[in-house]
There are 2 protein chains.
Amino acid sequence: MDQRTSSEKAYRAILQAILEGQLPKGEFLSQRMLASIADTSIISVREALKRLEHEHILEAIPKWGVRIPLETRERIQGLYGVREALEVMVAYLLCLQDDPLVAQEILEKATECDLITTEGKESVDYFAQKHRELHLLMAERSGNHHLKLELERLGLRSLLYQSAKSTWANQVDDWRNWHRNLVGEIFSHDPARAQEAMHRHIQHGLHHDLVMFDRGMFV
Amino acid sequence: MDQRTSSEKAYRAILQAILEGQLPKGEFLSQRMLASIADTSIISVREALKRLEHEHILEAIPKWGVRIPLETRERIQGLYGVREALEVMVAYLLCLQDDPLVAQEILEKATECDLITTEGKESVDYFAQKHRELHLLMAERSGNHHLKLELERLGLRSLLYQSAKSTWANQVDDWRNWHRNLVGEIFSHDPARAQEAMHRHIQHGLHHDLVMFDRGMFV
DNA sequence: TTTTCGTATCTGTTATAACAGTTATATTGT
DNA sequence: ACAATATAACTGTTATAACAGATACGAAAA
């Protein structure tokens, strides 16, 4: 925990409190209360809240404060839609530039992902981290820096689903070579195939999360 | 100017100052100076700056403050890339749902756009406004609320280019039926065609802005 | 008992001032 | 005159307290 500014300290404290489920969902959160649990001033908390709002982790209503949004199918689909739009563009750009060195680099990262045997909570967390690194690497290598920035911002939200995803374990085995295949499709010299592959990849994740949601594992 | 909060007052004042070119580009802006021209406190200015940074109108370096980014081809291409990703997704979703009523509504808005004869500065501003309304309407009708929110946020940046676009006038005539054709392609029952049409539409705009940039009309 | 009014205490918002760091200027010592 | 140092004036950041509004509680009046 080597945060330099007080706002970042507040950001991490609040984010952690959210991820650990220590804050009520759907109710407005008192800024003074947040300031006390983050051990900072209100203004640092407000800056942190602005950032969490931008990352779609919180939603703000002017003059009424901020709250943890209640999940709905529409909300999950909506956020996945935005992410899919950006990721499909990444796949398109990667396919167009068609650089063997970049392809090799990404393929190695994908292999690293596929080889993780997800058993137990910490290995699932490890997989989630590597998976995130893979997608951010692809965004980085797409050549469009802003695409990476936007995905970095949105990607943080997926942390919220990690606990629910601890139940993956036995399902993940179906995904062996999943990412290697994705990378293979992306560098198939056919932009349409690259986009389609990424489209299916994200849709698969969406479907998985919706199943989790329907089972009530998100509340 | 009926802003309710002080932060919004600061936001509008700073945005206006940027659009009117009253602030130096590339240099760090003093928050106290901004507070004096916005006639508010520093903290309201800081909240406004956070929002402007979020909209990619300003860029922030921690502990070093905020500045108006110097335009580069890479930056323009990058932001257009993000926007294209989202808009192509909008086209895809509109094509999939294939609702004749929605198609009709959007076609009317597109027609409204195409019929504007852009002569003089104010009519160009009027066209820009209607054009923005058209794209936001499509995003709204895509059924994904978050797509619209993201486009709304990014779209504000295009205001920066409006002054340069005042020189459109004679070129815009080539674009007659441009938007009607776009809408026609989107509702062609072929998702690939819809995406391709939107892709070309955005690429056209990008190309136009790059030409403007190369002519030095952005500085 | 029910209604009304006032007070006390929440809420988000914002202004002031102090803190911490850097930069530039001026002053001092050689 | 030149160099080193101290001082002054900036910078972003943040803590404190006050402001404005809404809400809840309770006492007093009908």
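Note on naming: letters A, B, ... go to the chains in the order of the sequence lines (proteins, then strands), and numbering restarts at 1 for each one. Reckoned from all heavy atoms, side chains included, excluding hydrogens, waters and symmetry mates.
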Would you mind reading off the distance between Leu49(B) atom CG and dT11(D) atom P, rounded to a whole angstrom?
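The distance from CG of Leu49(B) to P of dT11(D) comes to 13 Å, rounded to the nearest Å.
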Rounded to whole angstrom units, what separation is found between the CZ atom of Phe28(A) and the P atom of dG12(C)?
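Checked: the CZ to P distance equals 9 Å.
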Could you give me the CA-CA distance, side-chain angles and deciding distance for His199(B) and Tyr92(A), then say whether ring-ring contact (aromatic ring centres under 6.0 Å, His included) is met?
CA-CA 12 Å; His199(B) 169 70; Tyr92(A) 175 74; 5.8 Å; yes
Would you please name every residue forming a salt bridge (charged side-chain N to carboxylate O under 4.0 Å, His left out) with [X], sequence neighbours left out?
{"X": "Glu59(B)", "result": "Arg67(B)"}
{"X": "Glu105(A)", "result": "Arg141(A)"}
{"X": "Asp99(B)", "result": "none"}

Quick one: ring pair (Phe, Tyr, Trp, His ring centres under 6.0 Å) pairs with a partner in residues 22-54 of chain A, sequence neighbours left out?
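Non-adjacent pairs meeting ring pair (Phe, Tyr, Trp, His ring centres under 6.0 Å): His54(A)-His54(B).
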Identify, with sequence neighbours excluded, every residue that meets ring pair (Phe, Tyr, Trp, His ring centres under 6.0 Å) alongside His131(B).
Phe127(B), His135(B), His179(B), His201(B)
Pairing residues for Phe187(A) by the ring pair (Phe, Tyr, Trp, His ring centres under 6.0 Å) criterion, not counting sequence neighbours
none
Reckon Gln31(A) has a side-chain N or O less than 4.0 Å from the OP1 or OP2 of dT11(C)?
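No, no such contact exists.
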What's Ile61(B) touching, base or sugar-phosphate or nothing? Going by heavy atoms closer than 4.0 Å.
nothing
Considering every strand and a 4.0 Å limit on heavy-atom distances, what is the contact class for Leu34(A): base, sugar-phosphate, or nothing?
nothing
To 10°, what angle do the rotation axes through the five end pairs on each side of the helix from dT1(C)-dA30(D) to dT30(C)-dA1(D) form?
40°
Taken in chain and number order and not counting sequence neighbours, the residues that satisfy side chain to side chain contact (heavy atoms under 4.5 Å, CB included) with Leu210(A) are Arg73(A), Ile76(A), Gln77(A), Leu206(A)
Heavy-atom contacts, protein to nucleotides 14-24 of chain D, under 4.0 Å, summarised as B (base), S (sugar-phosphate only) or - (none) per nt, yield BBB-B----S-
